[in-house]
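This report concerns only the one structure given below.
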Amino acid sequence: MPLSATADTSKTVKLERYNSYLRKIHSTKVLKASSKVLFRATLLIALVLVLLFAVNYHPHSDSHHLHRRSFLSTGLFSSSSSLGEGAAWEKRVRQSSTAKRQHGLSVLVTGAAGFVGSHCSIALRKRGDGVLGFDNFNDYYDPSLKRARQHLLEKNQVFIVEGDLNDGPLLRKLFDIVPFTHVLHLAAQAGVRYAMKNPQSYISSNIAGLVNLLEVAKAANPQPAIVWASSSSVYGLNTENPFSEEHRTDQPASLYAATKKAGEEIAHTYNHIYGLSLTGLRFFTVYGPWGRPDMAYFFFTKDILHGKSIDIYRTQDNQEVARDFTYIDDIVKGCVGALDTAEKSTGSGGKKRGPAQLRVYNLGNTSPVPVGRLVSILEGLLGTKAKKHLIKMPRNGDVPYTHANVSLAYRDFGYKPTTDLAAGLRKFVKWYVSYYGIQPRVKKENSHADESA
């Protein structure tokens, strides 16, 4: 074969191979392009289906889903049904937070379904202030008690938004709807001993939740004045008595105490940088009707009525443990007094415009009572002897003694506790047996005392 023919054949083969290569590349590009189009179309269809499901899905009984769906509806969807539901939810929010008296406050109460929160919400609403509740209804203790408090608040025209402090968009939505003048921040993970079982819950609520609330508040216009619940636990291993706001609080005896102390330092920071008006209240062993089942007076009552033994702690050197038990009505007066004397925040748009108020107060009864005396009072009110089991106090974060000096709160807003332990427990027991439908073996003289109280 001539060389020229061989060369022509070689060129033809190479050309065919090259054309085949180009065809493969073209086919691959077409396939990839088709795949992308198909994927995007599938994704779009899936998103449309999800959105349609979200708009039309109706939970049967979970008010949390209802509120959250309403929030999403107003922000993301434009269907008439979603907007109508969102408008209804917003109307409830506005109505609840609108004051009924001239110059009344508009207060966001976090932890409104809790013990102190529910009492404060009702007290504020009864005097004509606007009150919007906020609570996550967690199961740290029986949620049915929180729901019962919610029902009580509804009777007093207080609406509770169900949500978590760490839900920034929901909090911002509330501040967009309502120009709150004040925040009463009572939501927290409570309890000293539970911190040994679930420490992360304290960090999430007492630190991260507080920071998230302050972040939203600092950006609000106007910035609200904030009164929040610290704790007498911050005094920790302090041995000076009575406990004064001037005493050291850098020796916490529990994680709970440490998170509350951290809260006080965080409050200082947001006051200093952003001009938020912040008042911390150190509560001393609050008790009374609608109280917390994890508190000693509450579960002592339950166990005494059921004939179960109760553990009564003594210190390592065999001394009686004592607490400055403070009746709920006195605590409410302190919270309201702090709100009424809270100065306006000085920031705007997240920027500080001038010095802002920063305060910390003890709210206690000023009269420590040994736990043994508490049990004796309950025995008399219930008409039943307790099966006492005396044990040494475990090293679980509890402190042996608390005693409040409240002279600063008295000076600044007239705080003066008026209910002693015997009178307060009488009211608690009366509520307890009524709420749980129990008929205690109460002596007649105690019944007469109830009538005269």
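Index from 1, following the sequence. Just so it is clear, the values below take in all heavy atoms, side chains as well, and ignore hydrogens, waters and symmetry mates.
Tyr140 and Asp294 share a donor-acceptor pair across their side chains, judged by distance under 3.5 Å alone. Between the side chains of Gln95 and Arg92, no donor N or O sits under 3.5 Å from an acceptor N or O.
Using a 4.0 Å cut-off between charged nitrogen and carboxylate oxygen, Arg282 and Glu264 count as a salt-bridge pair. Comment: Glu265 engages Lys261 in a salt bridge, judged by a side-chain N to carboxylate O separation of less than 4.0 angstrom. At a threshold of 4.0 Å, the pair Asp340-Arg127 counts as salt-bridged, since one of the basic side-chain nitrogens sits closer than that to a carboxylate oxygen.
Other residues, nucleotides and ligands contribute over 12 non-hydrogen atoms within 6.0 Å of the OH atom of Tyr401. Within a 6.0 Å radius of CZ in Arg373, no more than 12 heavy atoms belonging to other residues, nucleotides or ligands are found. When the shell of 6.0 Å around NZ of Lys351 is examined, it contains 12 or fewer heavy atoms from other residues, nucleotides or ligands.
Remark: Arg147 qualifies as a cation-pi partner of Phe137 under the 6.0 Å distance and 45° angle criteria applied to the six-membered ring. Judged by the 6.0 Å distance and 45° axis criteria, Lys146 is positioned over the aromatic ring of Tyr141.
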Stepwise side-chain contact (heavy atoms from CB on, under 4.5 Å) test for Ile328 and Phe428: CA-CA 10 Å; Ile328 182 61; Phe428 165 72; over 6 Å; no

Can Arg248 and Glu240 be said to form a salt bridge (Lys or Arg N to Asp or Glu O under 4.0 Å), step by step? CA-CA 9 Å; Arg248 65 186 298 182; Glu240 296 182 76; over 6 Å; no

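Remark: the backbone N or O of Gln357 is paired with a side-chain donor or acceptor of Asn271 at under 3.5 angstrom. For Tyr313 (side chain) and Pro400 (main-chain N/O), no donor-acceptor pair under 3.5 Å exists by modelled atom type. Proximity of a side-chain donor or acceptor of Asn362 to a complementary backbone N or O of Asn405 within less than 3.5 Å is detected. A donor-acceptor pair under 3.5 Å is absent between the side-chain atoms of Asn136 and the main chain of Gly163, judged by distance alone. With hydrogens and angles ignored, the 3.5 Å screen pairs no side-chain donor or acceptor of Lys427 with any backbone N or O of Pro289. Under the 3.5 Å distance criterion, the side-chain polar atoms of Glu379 are matched with a main-chain donor or acceptor of Ala386. Without hydrogens or angle criteria, Tyr270 side chain to Ser277 main chain gives no donor-acceptor distance under 3.5 Å. The backbone N or O of Ile304 lies less than 3.5 Å from no partner atom in the side chain of Thr384, so there is not a single donor-acceptor pair. In terms of modelled atom types and a separation under 3.5 Å, the side chain of Lys100 and the main chain of Arg125 share no donor-acceptor contact.
Atom CG of Leu408 is separated from atom CZ of Arg359 by 9.0 Å, given to the nearest 0.5 angstrom.
You'll find the side chain of Lys333 stays beyond 4.5 Å of the side chain of Lys416, heavy atoms only. Using a 4.5 Å heavy-atom threshold, the side chains of Asp129 and Arg101 count as touching.
A tilted orientation is assigned to the rings of Tyr235 and Phe243, their planes being inclined by 30° to 60°. By the 30° and 60° cut-offs, the orientation of the rings of Trp290 relative to Tyr435 is perpendicular.
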